[in-house]
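Reading through the structure tokens given below for one structure.
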Amino acid sequence: MPEPRLGQDGLTRRQILGLGGAFGLLTTTGLATAATLARRPATTGAQLRSTAALPPPHQVPLPIPAVLKPTSTDGTGDHYEIVQRETDAEILPGLTTRLWTYGGTFPGPTIEARRGRGVTVTHRNELPVPTVVHLHGGRTPAAWDGYPTDLVLPATWPQAAAHRMPAMPAMPAMDGAGGGAMADPRAVTSRLTRDYTFPNDQRPTLLWYHDHRMDFTAPAIWRGLAGLHIVRDDAEDALGLPAGPREIPLMIADRAFTADGALTYPSLDPTLRERPGVSEPHLAGVLGDVILVNGAPWPVHETDAARHRLRLLNASNARHYELEARTEDGRRLDLVQIGSDQGLLTTPVTHRSLPLAPAERHDLVVDFATAPVGSLVRLVNRLGTGRTRDVMAFRITRRPAADDSRIPPTLSTDLPDWHRQDAVRTRDFAFRAGRTNGGHGWLIGGRPFDPARTDVTVPLGDTEIWRLVADVHHPVHLHLVGFRILSRAGRPPLPHDAGLKDTVSLRPGESVEIITRFDGYRGRYLFHCHNAEHEDMGMMANLEVV
Ligand code: C2O
Ligand code: CU
Ligand code: CU
């Protein structure tokens, strides 16, 4: 009997995965959920309830992820090693949480890179399941971009099973290098360790690396597989922006905990080995009721009454934020945006509140000069309710003798300036809930992700406009390229859409036009929704640059 080939013979991937039954029952509720969500724009999923004792806000000190030291460095670049392993950490005071980590910490260690200087990271997998490393926002050759089936196998993975993807029909192993139910034998390559090379040949910005395994990205990130990667260059260093202890990366992520401190997540298969997916109430996304910043719950950071550069990343699976900085006397401090996903803006943009969708980054300068010594400046989320309104706080402990940082009126001059008339074609993509043959799914253009199907083929160097339309909130991310936002709902982009983006938040019912030039590298890349649950449930597609 011939093996089924993905995307052929009318079979969907979900059917091949054997999920028809489980998801089929849920179709009606799944679509009802989507309709309900469209009416409640702040809701992107169902919130888990922690049973652990939670600390009061603003007591746990803000951790700053350690900067990773290279294991070697030479004329061509820096070499790093990261072991992916389980760790027990104290996230909630007095309780122990089992995490999946890069190098034993959550967030993982920060990689500090210089523009144009290559970094190679050897990842070794000591976790119980295969993993994939993706550098989000990186301009990375396809071989190192972390395609969802380019696995790093753990040594403990049963060798008999190592040659097929879990829960997929067996196929003959391909010369011991990998295998699986892929139509394309090149689609799976697997090793115990894997070297990822990142050229860092791109505008300086805050990137992040995270897991990207097919069907299991959301729970793996939830367990802790996320870290920061910062690209810098001399031009940015010379701007005089707040630096040193006054430049602070903030990875925001929500989680939920059981009474004994374990992370809660509604996986259908908690081993993350066989059956992907989450239980029915969470099909729209998994939200936690504890807000972590750099891995600490509602932390506090003691600092001085000066300008600070806050480098925000929303590493939550599904939660959106709309952030404000509030003083104790009820004022909202200016959030001066100096950069977005893909680096510095041309000129600063001042906001009072700032939305942050999953995977988006904002580079901000906030001046604490007017906050009294001894007071708190709270970072709050206007979209939260109850305890999820709090994010973190800064406690102002002293007034500095001087603050010699500045925000120059011109931040950068190299932002790509693509015009409509540069585009050689326009494509349309609908991001919607829908039924697959098997039941509920999150689809792009009516289809769930299929690693064997090329959805988009773009000649290297072409400029295109993509029109993206959404049913509910979908933060849409393109690998390889940065893009500019041309319009939202037929109107000019919003103030926070400025700059070069790699993730754009589509709001319910909204159509957004983006423009980009597909340059850099040829090869197979992805675009997908970065609501991590949607991504795992099919909302991802292949982009081939040829
Ligand atoms: Cu954050 Cu496909 O990535
Ligand atoms: Cu990415
Ligand atoms: Cu989505």
Side-chain angles (χ1 to χ4, degrees), residues 7 12-14 30-31 34-35 37-38 41 44 284 341-342 357-360 416-437 440-494 497 500-520 523-531 534-546:
T12 68
R13 180 169 137 272
R14 294 280 147 200
L31 292 174
L37 286 170
T44 54
D341 301 332
Q342 287 285 317
E360 276 189 306
D417 187 22
W418 300 301
H419 297 279
R420 275 181 193 278
Q421 56 270 24
D422 302 333
V424 297
R425 65 188 72 79
T426 298
R427 301 182 199 258
D428 287 280
F429 299 99
F431 289 75
R432 294 205 171 100
R435 33 178 330 151
T436 63
N437 290 348
H440 180 279
W442 292 101
L443 314 176
I444 301 176
R447 302 203 279 192
F449 179 60
D450 178 346
R453 181 187 70 227
T454 299
D455 299 275
V456 173
T457 305
V458 187
L460 185 74
D462 276 10
T463 301
E464 298 194 352
I465 293 173
W466 287 17
R467 285 195 296 241
L468 314 170
V469 58
D471 55 355
V472 296
H473 278 96
H474 297 293
V476 173
H477 168 52
L478 273 64
H479 285 213
L480 180 66
V481 291
F483 52 82
R484 310 248 3 220
I485 299 175
L486 282 177
S487 74
R488 259 187 200 272
R491 285 193 286 276
L494 295 168
D497 290 330
L500 194 62
K501 302 280 294 167
D502 58 49
T503 306
V504 57
S505 179
L506 307 185
R507 299 180 302 182
E510 195 173 62
S511 160
V512 171
E513 287 180 301
I514 62 172
I515 185 167
T516 188
R517 182 161 188 266
F518 291 88
D519 57 5
R524 185 175 57 166
Y525 293 91
L526 295 166
F527 63 102
H528 59 89
C529 177
H530 222 293
N531 173 313
H534 295 190
E535 175 183 344
D536 280 351
M537 280 182 265
M539 200 168 255
M540 184 153 69
N542 286 303
L543 159 68
E544 187 101 28
V545 182
V546 296

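Between Gly461 and Arg517, the closest heavy-atom pair is O-NE, 3.2 Å. Heavy-atom minimum distance, Pro475 versus Pro358: CB-O, 3.7 Å. Nearest approach of Ala284 to Asn531, heavy atoms of both residues: O-ND2, 3.1 Å. A pairwise comparison of heavy atoms in Ala470 and His474 identifies CB-CD2, 3.7 Å as the closest pair. Here the closest heavy-atom approach between residue Ser505 and residue Glu510 is recorded as O-OE1, 4.1 Å.
Trp442 places a side-chain heavy atom less than 4.5 Å from the side chain of Val472. Looking at heavy atoms from C-beta onward, Phe429 lies in side-chain contact with Val456 at the 4.5 angstrom threshold. Val512 has its side chain within reach of Arg488: a pair of non-hydrogen atoms, C-beta onward, lies under 4.5 Å apart. Side-chain atoms of Glu535 and Leu526, non-hydrogen and from C-beta on, never get closer than 4.5 Å to each other. The shortest side-chain heavy-atom distance between Val504 and Leu468 falls under the 4.5 Å cut-off. A 4.5 Å side-chain heavy-atom check between Leu543 and Leu480 finds every atom pair outside the cut-off. The side-chain heavy atoms of Lys501 and Thr503, taken from C-beta on, include no pair separated by under 4.5 Å.
One N or O on the side chain of Asn542 and one on the backbone of Arg453 form a donor-acceptor pair closer than 3.5 Å. Listed for the Thr516 side chain is a donor-acceptor partner under 3.5 Å among the backbone atoms of Gly482. Here the side chain of Arg524 pairs a donor or acceptor atom with the backbone of Pro451 at under 3.5 angstrom. Not one N or O on the side chain of Asp502 forms a donor-acceptor pair closer than 3.5 Å with the backbone of His477.
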Run the numbers on Leu443 and Arg432 for side chain to side chain contact (heavy atoms under 4.5 Å, CB included), then give the verdict.
CA-CA 5 Å; Leu443 314 176; Arg432 294 205 171 100; 5.7 Å; no
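Outside the 6.0 Å centre-distance limit, the rings of His534 and His528 are not counted as a close aromatic pair. Aromatic rings of Trp466 and Phe483 (six-membered ring for Trp) have centroids beyond the 6.0 Å cut-off, not under it.
In the model, Glu513 has a side-chain atom that pairs as donor or acceptor with a side-chain atom of Ser487 under 3.5 Å.
Ion pairing between a basic and an acidic side chain is recognised when a charged N comes within 4.0 Å of a carboxylate O; Arg425 and Glu464 show such pairing.
Within the model, atoms CZ of Phe449 and CE of Met537 stand 15.5 Å from one another, a figure rounded to the nearest 0.5 Å. Between the SG atom of Cys529 and the NE2 atom of His473 there is a distance of 11.0 Å, given to the nearest 0.5 Å. Atom CE in Met540 sits 10.0 Å away from atom NE2 in His530 (nearest 0.5 Å). To the nearest 0.5 angstrom, Thr463 atom OG1 is 11.0 Å from His419 atom NE2. Going from atom CG of Asp497 over to atom CD1 of Ile514 covers 11.0 Å, rounded to the nearest 0.5 Å. Rounding to the nearest 0.5 Å places OG1 of Thr426 at 8.0 Å from CZ of Arg420.
For residues 474-487, no pair satisfies salt bridge (Lys or Arg N to Asp or Glu O under 4.0 Å), with sequence neighbours left out.
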